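Below is one structure, written out as structure tokens; comments come after it.
Every value quoted in this text rests on a predicted model; they were computed, and no experiment measured them. In the text below, chain A, chain B and the rest are named by the order of the sequence lines, each starting its count at 1.
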Amino acid sequence: MGTDIGDLLQKRKVEFSDLANRVIAIDAFNTLHQFLSIIRQRDGSPLVDSGGRVTSHLSGLLYRTASLFEAGIKPLFVFDGKPPDLKSDTLNRRNEIRESAREKWVNSQAEGDLESAFKYAQASSKVNREIVEDSKYLLEIMGIPFVQAPSEGEAQAAHMVLKKDANCVASQDYDSFLFGAPIVIRNLAVTGKRKLPGKNVYVDVEPEIIELDETLNALGIDREQLIDIAICVGTDYNKGLEKVGPKTALKLIKKHGNIHAVLREKGIEIEAVDKIREFFIHPEVTDDYEIKWGKPDSEKLIEFLCDNHDFSVDRVEKAAERLKAASGARQKTLDQWF
DNA sequence: CGCGGGTA
DNA sequence: TACCCGCGG
């Protein structure tokens, strides 16, 4: 997913408390995908209501967002719009991988291989239209704002940080840097436990902050060169050069200056390379959004989560109380400023 | 993932 | 009080 330039970036650990009063533009697709793949039973099946509808994303969204809000963080979610045509190969490939994972999940289950079953169950997660609509409605009745991007959510989130409508982007992917996001936060979660891919082992993962300028200075390159490095390694819009990882790509771009010189030197071509660069530099974004944090609607939360989706009334009431208390506290700090 | 009841 | 671990939906 995205581009594999993580090794080149300057990462700093950050405390949850350091993020108080920060507006964080959260990549909704990235977050929902993670909830869907991780919030599962030990046999790999997701949380579902009595009608068989998946609810893992609702659980993750409710409790994590309540915690972020309670910590004084001002979260807003940015949803993907129509993917660019450049992305169709990647999306088709993801579909195939997902379909084959779904088959392997069934097979592993039949063979009683629980570890594989869980792994393939995770890989078969899909953020579909219903998941997105459910999530938007939940955010609405929680009093948490969201923005609909015209195209890539990470591009929209980066745009909002550049406009100073948000302080940083939160995503596990690095694409928002290519779209110009000055600051990105990774591992924005309450408990820092994360499962190692493939293994049944959990490690502590703390939130970390990456600043674009700091990284560019350290590497001695500019943003367009970082984009060129990503194109060498591979992005959602192109395949990348054979046997070129982030370190090699950095060397190549520093030596030759830009992607065109590298391709000329190697005597190879990348389809639509100029279009890809242009998409990262000037992505389709919108200024048509409103960001406002409100009070949660406890009645609608109970109706939606408990009546419709079988959540525990106790737990939902508690989460609603946390949101309410935090929105009250929020108002006080705002009053102090004005 | 995050919750919360159980445990030392 | 801090951590563990099974469950939630």
Starting at CZ of A:Phe35 and ending at C1' of C:dG9, how long is that distance when rounded to a whole Å?
15 Å
When rounded to whole Å, the CD to P distance for the pair A:Glu70 and B:dG2 reads 13 Å
Can you identify which nucleotide, out of C:dG9, C:dG6, B:dG2, has its nearest atom closest to the A:Arg42 side chain?
C:dG6
Between P on C:dG9 and CG on A:Asp314, what's the gap in Å once rounded to a whole number?
10 Å
What is the separation between atom OH on A:Tyr63 and atom P on C:dC7, rounded to the nearest whole Å?
16 Å
To the nearest angstrom, the CD1-P distance between A:Ile39 and C:dG6 comes to 18 Å
With the side chain defined as heavy atoms from C-beta on, A:Ala189 is closest, among B:dC3, B:dG2, C:dG9, to B:dG2
A:Arg98 CZ: over 12 foreign heavy atoms closer than 6.0 Å:
yes
Given C:dG6, is OP1 or OP2 found less than 4.0 Å from the side-chain N or O atoms of A:Arg40?
no
What is the nucleic acid contact for A:Ser59, judged by heavy atoms within less than 4.0 Å: base, sugar-phosphate only, or nothing?
base
Separation of C:dG8 atom P from A:Leu61 atom CG, nearest Å, is 21 Å
Would you indicate what A:Ser50 reaches in the nucleic acid, counting non-hydrogen atoms under 4.0 angstrom: base, sugar-phosphate, or nothing?
nothing
Look at the aromatic rings of A:Tyr63 and A:Phe311 and report parallel, tilted or perpendicular, splitting at 30° and 60°.
tilted
To the nearest angstrom, the CD1-P distance between A:Ile38 and C:dG6 comes to 19 Å
Starting from C1' on B:dC3, measure out to CG on A:Leu58 and report it in whole angstrom.
16 Å
Using a strict threshold of under 4.0 Å (side-chain N to carboxylate O), is an ion pair present between A:Asp287 and A:Lys163?
yes
Among the candidates B:dG2, B:dG4, C:dG9, find the nucleotide nearest to the side-chain atoms of A:Lys318.
B:dG4
Taking 4.0 Å as the cut-off, does a side-chain nitrogen or oxygen of A:Arg315 come that near to OP1 or OP2 on B:dC3?
no
Quick one: do A:Glu130 and A:Arg53 make a salt bridge, cutoff under 4.0 Å?
no
Would one find more than 12 heavy atoms of other residues, nucleotides or ligands at under 6.0 Å from atom CD of A:Glu133?
yes
